[in-house]
Amino acid sequence: MTSPITPVSRSEYCVVACAEAWRDNGEVLASPMGLVPSFGARLAKRTFSPDLLLTDGEAMLVALDGTPEGWLPYRRHLTMVTGGRRHVMMGASQIDRYGNQNISCIGGWERPSRQLLGVRGAPVNTLNNPVSYWVPRHSPRVFVERVDMVSGVGYDRAEAAGVTRFHRLPRVVSDLGVFDFTGPGHTMRLVSLHPGVTLDAVREATGFELAVADGVPYTREPTERELRLIREVIDPKGLRDREVRV
């Protein structure tokens, strides 16, 4: 690969890492939440996952240019969700080593110090279809030993409740690296570091002990075509850099 004129930015590595979450998913509804995951889903569909279905977030399936391709009424959407034919990439105000996610409140439930979005659809999402996570600011305040409230269900709680048929958390992508849950007992494991990030930096920014394999690689380089698509077609205004600042 010929080196691009402009070096690959951290935000572009994050877009590629998010796109990889949908690799080999086939014909499923991609539901990205956030700018970088949205760009990642569109990159995946334009390259290695052409069968992905994209939505306008309301009632339509849309083409790559945003024009309507089909109708997606809410009842049909729910059918896809409960049958595992949807892969969401949600955010997380807190996430623990087992993948329990919190987007509801910070502090004790009886008297929280901060009110957030609320549980919303996180429990149903995590128990009925694959769910990945995007965290634009990796810190010990987000990657915590124990979440203050469970919104999205992690591996330990899903197994304890016996609801694992469709439960799967493929990836967590942050501004520092990529993670999965193939550590001991379905705990979080470091998969790759974004170029320029050290293992020590990730450990210092994580509030629990990460599983780390020997010889952790760097997140893969985007191809020239992927870089062109990101910079000229998918995000020509450079909005990705607002979400990932290094």
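None of these values were measured; they are calculated from a predicted model.
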Task: Donor-acceptor contact below 3.5 Å, side chain N100 vs main chain G154 - done: yes

- [ ] Mind checking the CG-CG spacing from D180 to L190? Nearest 0.5 Å is all I need.
- [x] 9.0 Å

- [ ] Determine yes or no for a side-chain-to-main-chain donor-acceptor pair under 3.5 angstrom, with E243 supplying the side chain and L35 the backbone.
- [x] yes

- [ ] Look at the rings of H87 and W22 and say which category their plane angle falls in: under 30° parallel, 30 to 60° tilted, over 60° perpendicular.
- [x] tilted

TODO: State the OH-OG1 distance between Y155 and T164, to the nearest 0.5 angstrom.
DONE: 10.0 Å

Open item on the list: Could you check whether R171 pairs with E20 (Lys NZ or Arg NE/NH1/NH2 to Asp/Glu carboxylate O, under 4.0 Å)?
Closed with: no

Task: N/O donor-acceptor pair under 3.5 Å between Q94 side chain and D148 backbone - done: yes

Open item on the list: Run the salt bridge (Lys or Arg N to Asp or Glu O under 4.0 Å) test on R97 and E145 for me, step by step, so that the C-alpha distance in whole Å, both residues' side-chain angles and the decisive distance to 0.1 Å come before the verdict.
Closed with: CA-CA 7 Å; R97 71 179 73 219; E145 183 66 40; 2.8 Å; yes

Task: Exam field: side chain N25 to backbone V28, donor-acceptor pair closer than 3.5 Å - done: no

TODO: Quick one: pull up CZ in R168 and OG in S132 and give me the separation to the nearest 0.5 Å.
DONE: 7.5 Å

Task: Donor-acceptor contact present, side-chain S49 to main-chain L52, <3.5 Å - done: no

- [ ] Mind listing the closest non-hydrogen atom pair of G91 and I103 along with its distance?
- [x] O-CG2, 3.8 Å

TODO: Would you please indicate yes or no on a ring centroid separation below 6.0 angstrom for H138 and F143?
DONE: yes

Open item on the list: So does L176 get a backbone contact from the side chain of S174, meaning a donor-acceptor N/O pair under 3.5 Å?
Closed with: yes

